[in-house]
Amino acid sequence: MDNQWKDLKIIKDFFQVGEDGQMPEGSRMLLEAMERKEFGQGQDIVTVGAQPDDGMYIILEGDVHVLTAEGVLINELGPGDVVGELALIKEDVRKATVRAVTGTVCANISRSLFLEIAEANRKVYGALLELLYTKTTMMVTERERLKSEIEIASRIQTGFLPKSFDRFCSLPDVKITARMKPAKGVGGDFYDVFLIDETRLCFLAADVSGKGVPAALFMTLAKTHIKNYMMLDIPVAEVAELVNNRLNEDNEEELFVTAFLCVLDTVSHRLTYVNAGHNKPYISRAGAPFSQLECRVDFVLGIMEEMTYTQQETWLGPGERLCLYTDGVTEAFDTDGEMFGDTGLEKSLNRHMAEAGEPERFIELLYEDVEAFARGADQSDDITVVYLAR
């Protein structure tokens with residue numbers, strides 16, 4: 001039997017092999033008893049409900065999925081991870097299925113062989129307990145590292161978003177604000193508000209597919225491209241086309257962005273916009289109730305190059321309001337699995353018409369409505385709103 005796998009760093013780290021090749025006696029006996037086993041793609045390494053006679057596996061190469069009895073994915077494992085270690089000392093059936101996603105190589109020791117060796121040398125039990133302690137410590141350390149990275153990414157993400165809107169509110173008949181309430185971890189929502197010149201205001205709401213650090217990085221990239229091209233003073237549709245092409249470059253994760261991009265001329269009251277696969281905003285004209293703005297919905301940004309986008313326009317004069325948002329609002333769920341939806345959003349906007357001229361208070365009430373609807377259910381997505389009142 002080829003024993004070169006026993007020299008792998010994964011094995012040396014797991015069994016605490018020193019630079020001189022020395023290790024605790026129990027660990028050495030346990031390692032020497034292990035054998036190399038291969039599993040093809042789609043093959044079960046262990047199967048839920050089965051007897052644990054085959055014992056413990058250490059993954060050396062490949063990727064595997066951990067599945068419930070119903071086939072629901074609950075974990076993903078790779079090189080260095082351990083499967084079924086408790087089967088060596090505890091009589092019970094397998095609690096999950098572990099299936100090879102790719103060709104997989106494992107180091108294995110059966111339950112009967114482990115018990116035979118451990119009976120002859122009790123230090124082997126101690127070695128297993130030490131290995132279980134090492135595994136637990138590594139898991140806790142990795143979890144804390146990931147938590148720290150996510151917290152840093154979240155701070156970076158929110159740090160890129162404007163917090164003060166006072167200077168925009170000095171424009172004629174403009175009161176604007178925006179807010180994002182992040183979900184746990186890091187999402188991909190973002191917004192922006194900035195001046196193109198003394199009379200034209202750009203504002204937008206957008207949502208990157210996916211979550212975590214990749215989404216946060218892609219968000220930063222998309223936000224930067226949008227602002228850079230907007231400041232070139234070119235049509236909004238052309239901005240969308242240029243941003244789309246740039247986001248397609250080296251997009252190996254195949255992430256994409258939905259966005260609603262607006263430019264308001266505060267003198268002529270002309271609002272030009274592009275909807276790149278985003279939720280339709282709600283508009284209130286001259287004190288009338290809020291309703292969805294009827295507009296064309298073009299393709300998202302970042303998936304296909306050389307897409308064309310339609311520049312649309314409407315009028316947004318004094319006394320009129322516009323609310324942009326991401327799907328974290330309409331797809332907020334309560335404890336029964338019911339969704340807030342477009343109906344919930346429209347009702348909330350119209351319920352607070354008396355405060356519609358004061359953006360900060362108005363969207364605060366909207367967020368309160370979403371929270372009250374959820375009744376304590378976990379927030380599954382970022383909740384972002386950009387609101388402009390004239």
Side-chain angles (χ1 to χ4, degrees), residues 150-151 153-155 157-165 175-193 203-212 215-216 219 223 257-260 262 275 277-284 287-293 295 297 320-389:
I150 289 172
E151 288 175 349
S154 181
R155 289 199 297 271
Q157 178 190 24
T158 55
F160 269 94
L161 305 178
K163 305 295 188 301
S164 174
F165 305 93
K175 293 181 181 179
I176 189 168
T177 192
R179 183 182 301 181
M180 182 184 75
K181 182 182 179 185
K184 294 178 181 179
V186 183
D189 276 17
F190 66 96
Y191 62 81
D192 209 350
V193 182
F203 58 101
L204 60 105
D207 185 5
V208 177
S209 62
K211 299 186 184 302
M219 176 275 286
K223 181 176 177 296
V257 181
T258 72
F260 200 94
C262 300
N275 186 346
H278 200 74
N279 305 75
K280 293 180 181 180
Y282 280 82
I283 191 167
S284 168
F290 280 92
S291 61
Q292 268 194 343
L293 176 67
C295 60
V297 181
E320 298 183 321
R321 337 284 196 197
L322 185 69
C323 181
L324 312 184
Y325 59 97
T326 60
D327 58 12
V329 178
T330 52
E331 294 180 10
F333 291 90
D334 67 8
T335 51
D336 296 326
E338 295 295 321
M339 197 164 64
F340 193 61
D342 291 336
T343 301
L345 174 56
E346 186 170 327
K347 286 181 178 178
S348 177
L349 294 173
N350 288 321
R351 185 182 302 124
H352 305 296
M353 283 295 291
E355 291 84 7
E358 298 299 326
E360 290 291 346
R361 178 58 181 157
F362 188 66
I363 68 168
E364 182 179 343
L365 292 168
L366 171 57
Y367 274 83
E368 289 177 359
D369 283 353
V370 174
E371 185 175 352
F373 171 83
R375 292 181 294 153
D378 288 340
Q379 182 183 328
S380 59
D381 201 358
D382 296 344
I383 297 176
T384 302
V385 176
V386 179
Y387 180 73
L388 185 147

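Position 1 is the first residue of the sequence, and the numbers go up from there.
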Would you say M180 and L161 make side-chain contact, with heavy atoms under 4.5 Å?
yes
Show your reasoning for whether side-chain hydrogen bond (donor to acceptor under 3.5 Å, both in side chains) applies to D189 and T326.
CA-CA 7 Å; D189 276 17; T326 60; 2.6 Å; yes
For E358, check side-chain hydrogen bond (donor to acceptor under 3.5 Å, both in side chains) against everything at least two apart and list the hits.
K175
Ring pair (Phe, Tyr, Trp, His ring centres under 6.0 Å) contacts touching residues 359-387 (sequence neighbours left out)
F290-F362, F340-F373, F362-Y387
Minimum side-chain heavy-atom gap S284-M353 below 4.5 Å
yes
What one should report as the nearest heavy-atom pair of V257 and A206 is CG1-CB, 4.0 Å
Gap separating the SG atom of C262 from the CG atom of L324, nearest 0.5 angstrom:
5.0 Å
Between D342 and Q292, is any pair of side-chain heavy atoms under 4.5 Å apart?
yes
To the nearest 0.5 Å, how far apart are CZ in F333 and CG in D381?
10.0 Å
Looking only at heavy atoms, the pair that brings I383 and G328 closest together is CG1-O, 3.5 Å
Heavy-atom pair of closest approach, residues P359 and A389:
CG-CB, 4.2 Å
Between A215 and V208, what is the shortest heavy-atom contact and its length?
O-CG1, 4.0 Å
Is the shortest heavy-atom distance from the side chain of T177 to the side chain of E360 under 4.5 Å?
yes
Checking N275 now: which residues fulfil side chain to side chain contact (heavy atoms under 4.5 Å, CB included) with it, not counting sequence neighbours?
F260, H278, K280, C295, V297
D334 side-chain N/O to D336 backbone N/O, donor-acceptor pair under 3.5 Å
yes
Is L322 close to F203 at the side-chain level, that is, under 4.5 Å between some pair of heavy atoms?
yes
Counting only heavy atoms not in E371, do more than 12 sit closer than 6.0 Å to its CD atom?
no
Between NZ on residue K181 and CG on residue D382, distance to nearest 0.5 Å
11.0 Å
Taking all heavy atoms of P162 and all of V193, pick out the closest pair and write down the distance.
CG-N, 4.0 Å
In Å, rounded to the nearest 0.5 Å, how long is the span from CG of L366 to SG of C323?
6.0 Å
For N279, side chain to side chain contact (heavy atoms under 4.5 Å, CB included) partners two or more places apart:
Y325, D327, T330
Contact check, side chains of E355 and E364, non-hydrogen atoms, under 4.5 Å:
no
Locate the shortest heavy-atom distance separating L204 from V386; write the atom from each residue and the value.
O-CG2, 3.6 Å
Are Y282 and E346 close enough that some pair of their side-chain heavy atoms sits under 4.5 Å apart?
yes
Stepwise side-chain contact (heavy atoms from CB on, under 4.5 Å) test for L365 and H352
CA-CA 7 Å; L365 292 168; H352 305 296; 3.7 Å; yes
Run the side-chain hydrogen bond (donor to acceptor under 3.5 Å, both in side chains) test on S348 and D369 for me, step by step, so that the C-alpha distance in whole Å, both residues' side-chain angles and the decisive distance to 0.1 Å come before the verdict.
CA-CA 7 Å; S348 177; D369 283 353; 2.6 Å; yes
For T335, the side chain to side chain contact (heavy atoms under 4.5 Å, CB included) test, sequence neighbours excluded, returns R375, A377
Those residues at least two apart in sequence (or on a different chain) that pass side chain to side chain contact (heavy atoms under 4.5 Å, CB included) with S209 are L255, F256
Side-chain heavy atoms of V329 within contact of V370, under 4.5 Å
yes
